[in-house]
Structure formats: structure tokens, C-alpha cells
Amino acid sequence: MGWETRNGKQVYYRSRRSGKRVERDYFGGGDMARLAAALDDMKRREDRQDRETIITLRQQWTAVCKPLNPLAGAAGVL
């Protein structure tokens, strides 16, 4: 996925999965290509931020629940 050199010109391709196949969308080298590349970059950054947020929240949840684990075990015995 991304910018490639074809016949001496920079062109932009986007890869996507369609069932078991990977298909490539061609955007050329003009304004549409730059827009598609910027949108793809923004999406990658948002996805990375979402993953980091989920990791942080899981770590916080685990830390908060840690003191409650013995209580939960004792309640299970009762």
C-alpha cells in the first residue's frame, strides 16, 4: 500500500481485502492520490491511537481490580 514509482512517476495504490483476495485501488499521482494518501495516513494514526487507548484502559482496569481479586475468591468460597 502506498506510493510507488511507475514509468518514472509517483502513483498511489491502496490495498484492501475482498474475501480471500487482496485488491488494489489505483489513484494516480495527482490531487486524488494525495488526498487518498492523507486519508489513509489519518486512518492509520486514529487506529494506532485507539489501540493505545485500549491498552491503557486495560492496564488501569487490571490495576483497579487487583485488590478485589482476593475478595472475589473468598466470595466464591461462600
Side-chain angles (χ1 to χ4, degrees):
M1 175 167 74
W3 291 98
E4 296 181 10
T5 302
R6 298 288 171 133
N7 298 324
K9 296 182 182 181
Q10 288 287 104
V11 294
Y12 188 76
Y13 285 92
R14 177 188 294 155
S15 299
R16 61 184 166 81
R17 185 168 295 281
S18 178
K20 293 184 178 182
R21 296 178 38 190
V22 175
E23 296 181 359
R24 297 178 62 177
D25 298 323
Y26 172 76
F27 290 94
D31 291 337
M32 289 297 293
R34 286 189 290 279
L35 177 61
L39 290 173
D40 288 347
D41 184 52
M42 186 174 71
K43 175 79 169 111
R44 278 191 297 274
R45 289 175 190 222
E46 288 174 353
D47 290 346
R48 184 180 324 120
Q49 181 63 41
D50 289 347
R51 284 190 304 272
E52 290 172 359
T53 300
I54 289 170
I55 289 169
T56 301
L57 290 173
R58 283 182 180 159
Q59 289 171 344
Q60 291 172 350
W61 179 259
T62 301
V64 168
C65 290
K66 191 172 184 176
L68 299 176
N69 288 338
L71 180 61
V77 171
L78 295 176

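- How far OG1 of T53 is from CZ of R51: 10.5 Å, rounded to the nearest 0.5 Å.
- The other members of the hydrophobic cluster of M42, by chain and number, are L35, L39 (side-chain heavy atoms under 4.5 Å, ILVMFWY only).
- Taking OH of Y12 as the start and CD of E4 as the end, the distance is 10.5 Å to the nearest 0.5 Å.
- Screening residues 25-38 for salt bridge (Lys or Arg N to Asp or Glu O under 4.0 Å) gives R16-D25, D31-R34 as the qualifying pairs, with residues at least two apart or on separate chains.
- Every residue two or more places apart in sequence or in another chain that forms a salt bridge (Lys or Arg N to Asp or Glu O under 4.0 Å) with D47 is listed here: K43.
- Contacts of K20 classified as salt bridge (Lys or Arg N to Asp or Glu O under 4.0 Å), with partners at least two apart in sequence or in another chain: none.
- Under the rule for a side-chain contact (heavy atoms from CB on, under 4.5 Å), the partners of T5 that lie at least two apart in sequence or sit in another chain are Q10.
- Across all their heavy atoms, A33 and G28 have their closest contact at CB-O, 3.1 Å.
- Atoms OH and CZ, on Y13 and R6 in that order, are 4.5 Å from each other to the nearest 0.5 Å.
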Per-pair distances, 0.1 Å, donor-acceptor, side chain in residues 59-74, under 3.5 Å, sequence neighbours excluded:
unit_1 : atom_1 : unit_2 : atom_2 : d
T62    : OG1    : R58    : O      : 2.9

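- In terms of heavy-atom proximity, W3 sits nearest to A37 at NE1-CB, 3.7 Å.
- Salt bridge R44/D40: absent, no basic N to carboxylate O contact under 4.0 Å.
- Side-chain contact between Q49 and E46 is absent, with no heavy-atom pair separated by less than 4.5 Å.
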